[in-house]
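Taking it in order: structure first as structure tokens, then the write-up.
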Amino acid sequence: MQKYGGSSVADAASVKRVAQRIVDTKKQGNEVVVVVSAMGDTTDELIELAEQVSPNPAARELDMLLTAGERISMAVLAMAIHDLGLEARSYTGSQAGLITDSTHGKARIIDVAPERIQKALSEGAIPIVAGFQGVSKSTKDITTLGRGGSDTTAVALAAALKADFCEIYTDVDGIFTADPRIVKKAHPLKTITYEEVLELSANGAKVLHSRCVEYARRFKVKVHVRSSFSNNEGTWLITEDERKSGMEQAIISGVAQDLADAKVTIVGVPDKPGTAATIFENIANAGVNIDMIVQNVSVGSSGKTDVTFTCPKADGDKALKCLESIKDKINFDSLDYDDQIAKISLVGAGMKSHPGVSATLFRAMAQIGANIEMISTSEIRLSVVTRASIAAKAVEAIHTAFEMDSDNEAIVYAGTGR
Ligand code: ADP
Ligand code: ASP
Ligand code: MG
């Protein structure tokens, strides 16, 4: 299984280059199935087009529009393979048997029935599948899996077809200790555990779609992230057991930044049982996804405290409207909204057994004058919220503090990083 991201097929010349790579793989005696993303920034351009036509495009139609991007790349890639003398057949997600639920814009794969792909393989053809899309089992409408979802298409198909492994081709030489566009001294990792990469991708590192990692872990798909612009070995996803038996035992695997969240503070909340439950029940019912939450006990005899949480900026309006509607019920003083925040996350399986990780991180932040506004942790992750304007600087400082800097400058082969 091979998946080529948008940056690998950005123009006609790149499509031909990728076609050659696929043909070479096939000629070495491998069976190969390909998943492809939309060319370059096509998906962003289609979204911009939709917004010009309609301020709030219907979800069903937006999905239909966006899947067109992948239809273009699958067809031209098949043509390029034909010109190199092999047979390729393109398939939409629906034709390839990617069955999803009916949630437009972030559908979940519920079944994979790749009969047509198996048939094409048995007839010696190379199937080229449009990534990021499927068809709803209940409504029969075309769905998309969320931005970056072609990775998930590839892993789901790899699992269903029992592929030996799934190669994710992108514009950098694997998974790095930090986004190489931000930290020039980041270095590629030979291996990373599923758990670690899940924490990185769920916290803003867009190198892999987080659903893809969940899926790969659950169905034990071997994933190799690498560049389509070089022949360098990339990064293999491994289990914790494989990590323990291996050589590489770094405490920290990487650092990620996420600028997609906003911070909401409810000022002057009465400090009594049931208040938090009421607030967060209402927020949940409004469909807002909460990430971090911070609350203190009331100071002195005021009997009031502040409750702060983060949520995606895209849900900010919903959260504020919802809270306004229960203002009298809760009896809080006011609301504060701040979308100029960044969440920076340090990830590493070795954190569990090494004290002092948080102290080093806080010291690195202090040295560049970055204030820490919120903190949250998991077993293998430490996240802090700070100002968005200093995020890149903070990521670099943390990268240096944990001795991850490389002597060589990281290469970004292509792409706009959109
Ligand atoms: P594709 O078009 O192949 O899907 P993406 O743009 O979705 O590529 O993902 C690749 C990009 O992910 C890289 O160019 C890089 O800027 C970004 N990235 C963020 N964090 C990391 C990381 N830790 N390691 C590698 N790349 C990262
Ligand atoms: N083309 C889609 C996107 O840009 C899916 C993908 O690239 O994985 O999000
Ligand atoms: Mg991607």
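Smallest separation of non-hydrogen atoms from A130 and E70: CB-CB, 3.7 Å. Residues L208 and C212 approach most closely at CD2-SG, 4.3 Å, considering heavy atoms. The shortest heavy-atom contact between K26 and L86 is CG-CD1, 3.6 Å. Closest approach of A216 and V223 over heavy atoms only: CB-CG2, 3.8 Å. When every heavy atom of R89 is checked against every heavy atom of A120, the shortest pair comes out as NH1-CA, 3.6 Å. Of all heavy-atom pairs between A10 and M39, the closest is O-CE, 3.8 Å.
Remark: D24 does not engage R21 in a salt bridge, criterion side-chain N to carboxylate O under 4.0 Å. Between R226 and E167 there is a salt bridge, with a side-chain nitrogen of the basic residue lying less than 4.0 Å from a carboxylate oxygen of the acidic one. Taking the charged nitrogens against the carboxylate oxygens, K3 and D151 do have a contact shorter than 4.0 Å, which makes a salt bridge. Looking at K184 and E396, no side-chain N of the basic residue comes within less than 4.0 Å of a carboxylate O on the acidic one, giving no salt bridge. A salt bridge does not link D339 with K313: every distance from a Lys NZ or Arg NE/NH1/NH2 to an Asp or Glu carboxylate oxygen is 4.0 Å or more. Ion pairing between K206 and D258 fails under the 4.0 Å rule for side-chain N and carboxylate O. Between R387 and D338 there is a salt bridge, with a side-chain nitrogen of the basic residue lying less than 4.0 Å from a carboxylate oxygen of the acidic one. A salt bridge is defined here as a Lys NZ or Arg NE, NH1 or NH2 lying under 4.0 Å from an Asp or Glu carboxylate O, and E196 with K352 fails to meet this definition. Between E242 and K244, no side-chain nitrogen of the basic residue sits less than 4.0 Å from a carboxylate oxygen of the acidic one, so the salt-bridge criterion is not met. With respect to K185 and E409, no salt bridge is recorded, no charged nitrogen being found less than 4.0 Å from a carboxylate O. R217 and E195 are joined by a salt bridge, as a carboxylate oxygen and a charged side-chain nitrogen come within less than 4.0 angstrom of each other. Ion pair D291/K343 flagged as a salt bridge, since at least one NZ, NE, NH1 or NH2 atom sits closer than 4.0 Å to an Asp/Glu carboxylate oxygen. Using a 4.0 Å cut-off between charged nitrogen and carboxylate oxygen, K119 and E123 count as a salt-bridge pair.
Judged as a side chain to side chain donor-acceptor pair (under 3.5 Å), and not counting sequence neighbours, S73 has no contacts. Listed by chain and residue number, R363 satisfy the side-chain contact (heavy atoms from CB on, under 4.5 Å) test with Q367 (two or more places apart in sequence, or in another chain).
Listed for the H209 side chain is no donor-acceptor partner under 3.5 Å among the backbone atoms of S150. When atom types are taken as modelled, the side chain of N30 and the backbone of T25 share a donor-acceptor pair closer than 3.5 angstrom. Remark: the backbone N or O of V267 is not paired with any side-chain donor or acceptor of D306 at under 3.5 angstrom. The closest donor-acceptor contact from the side chain of R17 to the backbone of S228 lies under 3.5 Å. The backbone N or O of Y4 lies less than 3.5 Å from no partner atom in the side chain of S8, so there is not a single donor-acceptor pair. Side chain of D41 to main chain of D44: no donor-acceptor pair is present (N/O by atom type, distance under 3.5 Å, no hydrogens or angles). A donor-acceptor distance shorter than 3.5 angstrom exists from the side chain of N285 to the backbone of E281, with no hydrogens or angles considered. T153 contributes a side-chain N or O that, together with a main-chain N or O of F132, makes up a donor-acceptor pair within less than 3.5 Å.
From I398, atom CD1 reaches atom OG of S345 across 9.0 Å, with rounding to the nearest 0.5 Å.
In K318, the NZ atom is crowded: over 12 heavy atoms of neighbouring residues, nucleotides or ligands sit closer than 6.0 Å. Heavy-atom neighbours of N56 CG from other residues, nucleotides or ligands within 6.0 Å: at or below the threshold of 12. Around CZ of F165, the count of heavy atoms belonging to other residues, nucleotides or ligands within 6.0 Å does not exceed 12.
Between F229 and Y169, the distance from one ring center to the other does not fall under 6.0 angstrom.
Between H224 and W236, the ring-plane angle classifies as parallel under the 30° and 60° cut-offs.
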### Query
Under the side chain to side chain donor-acceptor pair (under 3.5 Å) criterion, do S378 and E199 qualify, and how do the steps go?
CA-CA 9 Å; S378 83; E199 291 280 13; 2.8 Å; yes
